[in-house]
Every structure is written in structure tokens, then in C-alpha cells.
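Numbered from 1 within each chain, the chains take letters A, B, ... in sequence-line order.
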2 protein chains.
Amino acid sequence: MARNNERRSALADAGIRVLAEEGARGLTHRAVDAAAGTPRGTASNYFPTRDDLISALVDRIGERLTPDPEVVAARDTRPPDRALFADYLRDVVRRLSADPHVSLALFELRLEAARRPAIAATLGAWRQRAFQEDVAFHGDSGLPGGQTEIALFHYAIDGLMLDHLTAPLDTGLSVDAAIAEFVDRILQ
Amino acid sequence: MARNNERRSALADAGIRVLAEEGARGLTHRAVDAAAGTPRGTASNYFPTRDDLISALVDRIGERLTPDPEVVAARDTRPPDRALFADYLRDVVRRLSADPHVSLALFELRLEAARRPAIAATLGAWRQRAFQEDVAFHGDSGLPGGQTEIALFHYAIDGLMLDHLTAPLDTGLSVDAAIAEFVDRILQ
């Protein structure tokens, strides 16, 4: 069973790589097997349909974006102020930047969602749950900002990451400086 | 010659449709001819390489996003205040939303730029020029906000449009309300 889970994760990681490197249309069971180095038929054995495969990718993206528990625990001792909020954002952006395949795969899936309702449903449910969890976490921890501010940060950080990972504008702002500006302005 | 230009635009419009509906990997000369209803070989006659085709798409996207001169002229008589700035933003978002193929094609090209340096160069130069023009226009017209604010709006509106055109989060904010919040907070 553990071995099966490892294989599932390895296949999903290969799918993320295919998405990032070839785009959504390149994502086939055969391409996943080729990227994972598994015998042809393995990916379709684990994920019979393309929608199953995409659900598995979404789950795996969620796992790869989960913050390190030690980092989270270290923050529990700090006062829930703007500085802590800014550190959370910087940590999200650091994780997204360090793992560009995951971020690019997620952007690919979002564009694919505009074309395929089944993907819109899977991805939409996952993003909506993550958003509600963010809002609840902020409420529970006493961090500044409510639902509106968190929505604005979602939009802002998405746009910033899309720029940063593709053909970045030269705006005179580093990524960290842009985050600091957004925190200063969105959290009033 | 006029007829040639018309044909070029029609082919580029077909390419934009292919990008939006099939993703970047679906963009081939053959797919463009099929979408435009032109005999096979027409698109490669006008745009010999895939990079030529993509340059033509970028130019055409720029044309389709250019604001109506009457709308711009009507604004010339208004004081350059926050309300006018907000109207400009709402107009950009209105144009992007009314023509989702253009916006989706542009997002596809941005992801393709992460994979192909030639596209990063074409698209990057075009976006950088548009950004500098925005900054200069703001300076000349006396609208509030400088380079930093315009950069923040670029990121924020990109993220908002990506959300709006794909599988939108339910954040409790309409697109117009999100724009109003960004204007209130970014322009201080």
C-alpha cells in the first residue's frame, strides 16, 4: 500500500512536470508514463480517465504546497501582526518560486478549467476550500485582514507569480518589494 | 494591400481563437487555417515560422485591446483624479471580459513564454512597452499613482482576470467591487 502511494505520487509528479513543460494539451497518460519512466499503461491503471489524472495532480499540488510544519510551529509563538502576515505571504511566494513546475502546472490547469467544466469543478472546489481555510485561519489566529483582504491578496499574488515565472516586467520592484507594497496597502 | 491586411487580421483572429480554445500547444499553422476557413498553406504563407505567427498574434491582441478613441476623448475633459483612474481600470477590465478569447490567448502566450525564450522576448518587449506607456500616460495626464502603483495594478488586475475567466473563487466580491477595493487601497 505504501509502495502504491509512492508510485501514485511519482506519477502525479511526472504529470505536474508534463503540464509545466508541455502545457495542458500535452497531458496524456502516455506522456505521464514517459516522464515517470513507468511502463506504458501504468498511469491509466492508477488514473483510468483524464479527469482522474487531473484530480490526482490537484491533490499532489496541494501536498507540495503545504508549508513545512516546523515553519508553521515557529510562527505560533509570534504575535499575529502585520509583520507575521507579511512573513506568511513571503513564505507562500518562496514556496511557489522554489517549485515553479507546481505553479506553472496550476496556471495550466486554471486555463484548462476555462475549456473543460469537469476540471473547473475539481479545481474550483479545491481552490474554494483553500480560500475558506485561509479565511478561517486568519479569523482564529487573530491575524489582520478578513475575507475581503484575503481575496485581494489571492488576486495580487497570482498576478505577481504569473509575471515572475513567465516573462517578467521590469517595474523597478523586486518580488519581495512588491509583496511589501501590497501588505502596506491592502492591510489598512 | 488592404485586402492583404484584412486577411492577416482574419488569420490572427483565428489564431487567437485556437489559442483560447485549444491552448498554446494546439497553435499550428494548420489549426489556424482550419479555424480561419482558409486553404491549407495560407497561414504559413503569411507567417512562415511559428514565431512569426506568434508575433502577429501579439500585434493583433494589442489592436483588439486598444480603447475606443471616443471613450478616450470623452475622458480628456475630466479631472485626473482617483475616480477617473478607477474608470480607466474598469474600462480595461470591461474590454478584457468582453473579449475573453483575447485574454485567455494572452495568458496562454505568457505560459508559453516560460517554455520558449523567443516568445518570452516578443511578448516581454510588447508588455514592457505597454507598461512604460502606462507610466508615461499617468505622468503626463496628472492621474494619481506612479510606476510602483501601476506595477501593483498590473499584478492585481492580471490575477483578478485570471480568476474571473477561469473557475472563479466565491470571495463575496464582484469584479467591480474588487477593482474598487484595489483602487481604494493601492492609491493612497
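Across B/D184, B/L165, B/L104, B/L162, the residue that shares the most heavy-atom pairs under 4.5 angstrom with chain A is B/L162. For the set A/A167, A/A177, A/P168, the count of heavy-atom pairs under 4.5 angstrom toward chain B peaks at A/A167. Per-residue heavy-atom pair counts under 4.5 Å with chain B were compared for A/G26, A/A24, A/P117, and the maximum is reached by A/G26. When the candidates A/R110, A/E181, A/M161 are compared by the number of heavy-atom contacts under 4.5 Å with chain B, A/R110 comes out ahead.
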Go through A/T148 and B/R185 one step at a time and tell me if the side chain to side chain contact (heavy atoms under 4.5 Å, CB included) criterion holds. CA-CA 12 Å; A/T148 294; B/R185 292 159 196 254; 4.1 Å; yes
Given the rule in the side chain to side chain contact (heavy atoms under 4.5 Å, CB included) test, do B/D158 and A/L160 qualify, once you have shown the distances and angles that lead to the verdict? CA-CA 8 Å; B/D158 274 352; A/L160 180 63; over 6 Å; no
Go through A/H154 and B/D163 one step at a time and tell me if the side chain to side chain contact (heavy atoms under 4.5 Å, CB included) criterion holds. CA-CA 9 Å; A/H154 266 256; B/D163 183 82; over 6 Å; no
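Counting heavy atoms of neighbouring residues, nucleotides and ligands inside a 6.0 Å radius, atom CZ of B/R40 does not exceed 12 of them. In A/R82, the CZ atom is crowded: over 12 heavy atoms of neighbouring residues, nucleotides or ligands sit closer than 6.0 Å.
The OG1 atom of B/T166 sits 7.5 Å away from the CG atom of A/L123 when rounded to the nearest 0.5 Å. A distance of 9.5 Å separates CD in B/E21 from CZ in A/R115, rounded to the nearest 0.5 Å. Between the CG atom of A/L111 and the CG atom of B/L19 there is a distance of 10.5 Å, given to the nearest 0.5 Å. For the atom pair A/I186 CD1 and B/F182 CZ, the distance stands at 5.0 Å (nearest 0.5 Å). Rounded to the nearest 0.5 Å, atoms CG (B/L169) and CG (A/D134) are 10.0 Å apart. Here the OG1-CG distance, from B/T171 to A/L152, works out to 8.0 Å after rounding to the nearest 0.5 Å.
Contacts between B/A20 and chain A at a heavy-atom distance below 4.5 Å involve the backbone alone (N, CA, C, O). For a residue to count as touching a neighbouring chain, one of its non-hydrogen atoms must lie under 4.5 Å from one of that chain's; by this rule B/R127 touches chain A with backbone and side chain alike. Neither the backbone nor the side chain of B/I179 has a heavy atom closer than 4.5 Å to any heavy atom of chain A. When heavy atoms are compared at a cutoff of 4.5 Å, B/A178 approaches chain A by way of both its backbone and its side chain. Proximity to chain A (any heavy atom under 4.5 Å) is shown, for B/E108, by both the backbone and the side chain. B/F107 touches chain A through backbone and side chain together, each having a heavy atom under 4.5 Å away. B/Q128 touches chain A through backbone and side chain together, each having a heavy atom under 4.5 Å away. With a 4.5 Å cut-off on non-hydrogen atoms, A/E112 does not touch chain B at all.
When hydrophobic clusters are built by joining Ile, Leu, Val, Met, Phe, Trp and Tyr residues whose side-chain heavy atoms come closer than 4.5 Å, directly or via intermediates, B/V93 is grouped together with B/L187. Note: the hydrophobic cluster containing B/V58 does not contain B/F131 (ILVMFWY, side chain heavy atoms under 4.5 Å, direct or indirect links). In the hydrophobic clustering of this structure, B/I150 does not group with B/L84; members are Ile, Leu, Val, Met, Phe, Trp, Tyr whose side-chain heavy atoms approach within less than 4.5 Å, directly or through other members. A/V135 is not connected to A/V183 by any chain of hydrophobic side-chain contacts under 4.5 Å among Ile, Leu, Val, Met, Phe, Trp and Tyr, and they are in different clusters.
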